[in-house]
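Worksheet: the structure to be examined is printed underneath.
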Protein chains: 2
Amino acid sequence: MTYCVGMMLDRGLVLMSDTRTNSGVDNISVFRKMFHWTVPGERVIAVMTAGNLATTQAVISKLEERTKAPEDREPSILKCTTMFQVANHIGELLRETIEERQLSNGQSGGPRFTASIIVAGQIAGMEPRLFLIYPEGNFIEASEDTPFFQIGETKYGRPIIIRGYDRTMSFEDGIKLLMVSFDSTLAANLSVGMPLDVLVLERDNFEPLHQRRILASDPYFQEISTNWSEALRAAFHSLPDYSFNQDEEAG
Amino acid sequence: MTYCVGMMLDRGLVLMSDTRTNSGVDNISVFRKMFHWTVPGERVIAVMTAGNLATTQAVISKLEERTKAPEDREPSILKCTTMFQVANHIGELLRETIEERQLSNGQSGGPRFTASIIVAGQIAGMEPRLFLIYPEGNFIEASEDTPFFQIGETKYGRPIIIRGYDRTMSFEDGIKLLMVSFDSTLAANLSVGMPLDVLVLERDNFEPLHQRRILASDPYFQEISTNWSEALRAAFHSLPDYSFNQDEEAG
């Protein structure tokens, strides 16, 4: 499995991904799932991947190749004129890559080679945008109503993002929120693992404001993890007590 | 889907279940998923079900029929001498019921008719016990290391139980904890729905200490739901702040 979250704030975009890949529980490795490309002053595009590793690596390699010589190799995400076109291009690349693999393995390929991708970024003169791309190549865009996307093991870490998210929050609070969400997920699903990658894309700043790899030994992450357990227990005890005689008391 | 939790405390057992069943999103109904049988002073047995409704209703009906005339219709859960035998019997009944349905629908029946069951209870002279029964009829028992079982939509509500659980907690705190867990699940999965059923089985008290149906309009549940959002946000803000310059500060 995998866990990646892309979150849109007023100030820009915050992305976090884990790095574990596994084929069974006895074959685990660390692979980067977060990538970005920049044209200083003009555009920044970040991608996070979940799903079949051969598929996602092939997509990233193709994106990478085309950005190395964007003049010769069309289309390149460095030449697309809008983020919508970028998402469209990556969606096509994803769909083609999955389809090729499935065709060469016969119908039995089924859903084995699928993957999903989160795309985030901004091109000068336009708004920062955030997309979730499906294996079929189509995609949806984040909005005020749904300002974040998750891929991979999304459930354990979702309730805290729903409650804690506020579009006006600082990047630091955004990272803290995602760390809490990742901490809950790491505790529950062995196929999500440290280290984590973090990337912050500030609005109208066309290179990453902050990027970092958070190791399991990271003192801040450990502090969050420990304190969150205590804070949750305190929050729980701050709630009004249940009584077996609710009805009489309510009356 | 469904969400049911059975939790073992020092004082006894706390059970909670939702009541929504659905076949698609446009066909939802309320069905009880929690049942119990008592022989005053001698035994109390409770069951919660998740999965195919026709399967679980058939299992419950068969259990019910046999308890109506336990002398004539063997085996009855009211005559089994241990909770292990009770779990074994219910497991067999579940496996047979699923198998019959799959056979009469050909191999294509596949996993369509499956269900899982949580069994909780106590027989005089023995300890309270809690089991999780799989569609195959086999089962596992709760222990100090794994003192609660969930069936149905288990992920959203799991992190808070893991953090909040304490085997010495009161029944009231146990119910409060499960309400928080259900609240997170209800907010995330439409196929889990109010009202909720609650049952408390006190150790060595062979009839339910407390049972109640919690409606969506229940003032205590609404209070928990509202306050939990606020308490979570406060807990989140009580955590140390992230800084872009972790490394220097840590140094």
Side-chain angles (χ1 to χ4, degrees), chain A residues 153-160 162-166 169-181 183-185 187-189 198 200 209-212 214 218-221 223-247 249-250, chain B residues 153-160 162-166 169-181 183-185 187-189 198 200 209-212 214 218-221 223-247 249-250:
Chain A
E153 174 55 274
T154 61
K155 293 187 177 183
Y156 298 110
R158 189 173 176 84
I160 183 60
I162 290 176
R163 316 264 191 175
Y165 175 84
D166 172 357
M169 73 202 312
S170 67
F171 286 130
E172 287 84 350
D173 273 1
I175 292 176
K176 186 164 89 170
L177 181 61
L178 293 187
M179 281 195 179
V180 172
S181 173
D183 180 54
S184 293
T185 309
N189 189 328
V198 179
V200 174
L209 178 68
H210 181 62
Q211 56 180 309
R212 185 132 160 275
I214 298 164
D218 184 83
Y220 178 74
F221 186 79
E223 202 179 344
I224 288 288
S225 184
T226 312
N227 290 9
W228 181 241
S229 286
E230 283 158 29
L232 262 192
R233 273 191 286 271
F236 173 68
H237 288 295
S238 77
L239 294 178
D241 285 328
Y242 183 77
S243 154
F244 284 173
N245 308 307
Q246 295 295 322
D247 297 330
E249 286 177 19
Chain B
E153 175 54 274
T154 61
K155 292 187 177 182
Y156 298 109
R158 190 174 177 84
I160 182 60
I162 290 176
R163 316 264 192 174
Y165 175 85
D166 173 357
M169 74 203 310
S170 67
F171 286 130
E172 288 85 350
D173 273 1
I175 292 176
K176 185 164 91 172
L177 181 60
L178 293 187
M179 280 194 180
V180 172
S181 173
D183 180 53
S184 292
T185 309
N189 189 327
V198 180
V200 174
L209 178 68
H210 181 63
Q211 57 180 308
R212 186 135 159 272
I214 298 164
D218 184 84
Y220 179 74
F221 186 80
E223 203 179 344
I224 289 288
S225 183
T226 312
N227 289 11
W228 182 241
S229 287
E230 283 158 30
L232 262 191
R233 272 190 286 270
F236 173 67
H237 288 296
S238 78
L239 294 177
D241 285 328
Y242 182 77
S243 153
F244 284 172
N245 308 306
Q246 295 295 321
D247 297 330
E249 286 177 17

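Treat the numbers as computed from the prediction; the structure is a model and nothing was measured. Letters A, B, ... mirror the listed sequences (proteins, then strands); counts begin at 1.
- Atoms CD1 and CG, on B:I160 and B:L232 in that order, are 7.0 Å from each other to the nearest 0.5 Å.
- Chain A forms more heavy-atom pairs under 4.5 Å with one residue of B:G164, B:P240, B:P159, B:A188 than with any other, namely B:P240.
- Interface remark: A:S238 contributes side-chain atoms only to the contact with chain B (heavy atom separation under 4.5 Å).
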Practice prompt. Test side-chain contact (heavy atoms from CB on, under 4.5 Å) on B:T154 and B:T185 and set out the steps.
Written response: CA-CA 8 Å; B:T154 61; B:T185 309; over 6 Å; no
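- Between A:F244 and B:H210, the ring planes are parallel. Angles under 30° get that label, and only those over 60° would be called perpendicular.
- Heavy atoms closer than 4.5 Å to chain B are found in both the backbone and the side chain of A:R163.
- In this structure, the portion of B:E153 lying under 4.5 Å from any heavy atom of chain A is its side chain and not its backbone.
- Heavy-atom distances place both the backbone and the side chain of A:L177 under 4.5 Å from chain B.
- We find the CZ-CE distance between B:F221 and B:M179 to be 7.0 Å, quoted to the nearest 0.5 Å.
- Side chains of B:V200 and B:R212 form no contact here, defined as non-hydrogen atoms less than 4.5 Å apart.
- In this structure, chain A has heavy atoms under 4.5 Å from both the backbone and the side chain of B:L239.
- When heavy atoms are compared at a cutoff of 4.5 Å, B:D166 does not approach chain A at all.
- In this structure, B:I175 CD1 and B:Y220 OH are separated by 8.5 Å, a value rounded to the nearest 0.5 Å.
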